[in-house]
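The block underneath contains the structure these notes are about, expressed in structure tokens.
Because the structure is a prediction, the values reported are computed rather than measured.
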Amino acid sequence: MKTTTTCIGIAFLLLFCGSNWVTAQEVLPEIKPKPDVDENLYLVRVLENLFICWPKPSNPKDLEADMACYRKRVLQYQIHIKMNPHLDKELGQRYGDLISCIDVFSNFLKRIEAIK
């Protein structure tokens, strides 16, 4: 359990404290828990933290940028799952569900701005 918690803590720091967001042309960072940790479980815990750490609204302009960065980070994990045949593909679909939620919320923010 301690190893899983450590991996999740590191994933959290990398996700939300890092300033280097990848573009589509950049190479994805290596996403790998310690050898004695089940990678599917690790990715479930990362997904849980991603849901918990949804960007907080401060002002609409900043929130749109935060949501775009948040979406890129979630997409990194989804791509990682798709590229690795030993990982549970249904888990990749759950990351896709989160991306869909992000897209719906981002579109909502754009509509609110258009109404103003």
Side-chain angles (χ1 to χ4, degrees):
M1 181 66 178
K2 185 174 182 163
T3 304
T4 303
T5 305
T6 302
C7 290
I8 292 168
I10 291 169
F12 178 81
L13 289 173
L14 290 173
L15 285 171
F16 299 104
C17 298
S19 60
N20 297 325
W21 301 104
V22 298
T23 64
Q25 294 80 23
E26 292 177 314
V27 176
L28 292 174
E30 183 177 355
I31 299 169
K32 196 76 174 162
K34 289 186 175 183
D36 59 335
V37 174
D38 180 305
E39 192 169 0
N40 283 309
L41 177 59
Y42 166 80
L43 291 166
V44 167
R45 298 296 301 201
V46 169
L47 182 62
E48 176 184 17
N49 278 309
L50 287 167
F51 270 105
I52 291 170
C53 296
W54 187 275
K56 306 287 184 270
S58 52
N59 78 49
K61 296 286 183 198
D62 291 342
L63 186 56
E64 280 186 48
D66 291 346
M67 293 303 293
C69 290
Y70 182 61
R71 186 184 192 286
K72 283 183 184 179
R73 191 56 69 179
V74 175
L75 186 59
Q76 282 183 299
Y77 282 99
Q78 186 185 39
I79 290 169
H80 173 74
I81 293 168
K82 286 181 180 179
M83 291 174 45
N84 290 282
H86 66 281
L87 296 174
D88 187 347
K89 299 309 169 202
E90 287 188 29
L91 182 57
Q93 292 171 357
R94 300 302 69 86
Y95 278 85
D97 293 343
L98 178 53
I99 291 169
S100 295
C101 290
I102 294 167
D103 291 342
V104 167
F105 186 69
S106 296
N107 289 335
F108 171 73
L109 291 174
K110 289 175 186 170
R111 284 193 299 254
I112 287 176
E113 192 63 29
I115 293 171
K116 290 180 182 179

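With Gln78 as the fixed residue, the side chain to side chain contact (heavy atoms under 4.5 Å, CB included) test singles out one of Leu47, Leu43, Ile99: Ile99.
Under the salt bridge (Lys or Arg N to Asp or Glu O under 4.0 Å) criterion, the residue pairs touching residues 74-94 are Arg94-Asp97, with sequence neighbours excluded. Within the structure, every pair that satisfies the salt bridge (Lys or Arg N to Asp or Glu O under 4.0 Å) test and touches residues 98-109, not counting sequence neighbours, is listed here: Arg71-Asp103.
For the atom pair NE2 of His86 and CG of Asn40, the computed distance is 7.0 Å after rounding to the nearest 0.5 Å. Note that the CD1 atom of Ile81 and the CD atom of Glu39 stand 8.5 Å from one another [nearest 0.5 Å].
Side-chain contact between Val46 and Leu50: present, with at least one pair of heavy atoms (C-beta onward) separated by less than 4.5 Å. For the pair Tyr77 and Leu91, the minimum side-chain heavy-atom distance is 4.5 Å or more.
Partners of Phe105 by side-chain contact (heavy atoms from CB on, under 4.5 Å), not counting sequence neighbours, listed by chain and number: Trp54, Leu63, Met67, Phe108, Leu109.
Taking both residues in full, the closest heavy atoms of Cys53 and Tyr70 are given as O-CE1, 4.0 Å, listed atom of the first, atom of the second, then distance.
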- Where do Leu98 and Ile102 land on the side chain to side chain contact (heavy atoms under 4.5 Å, CB included) test, with the steps shown first? CA-CA 6 Å; Leu98 178 53; Ile102 294 167; 4.1 Å; yes
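Not a single donor-acceptor pair under 3.5 Å links the side chain of Asn84 to the backbone N or O of Leu87.
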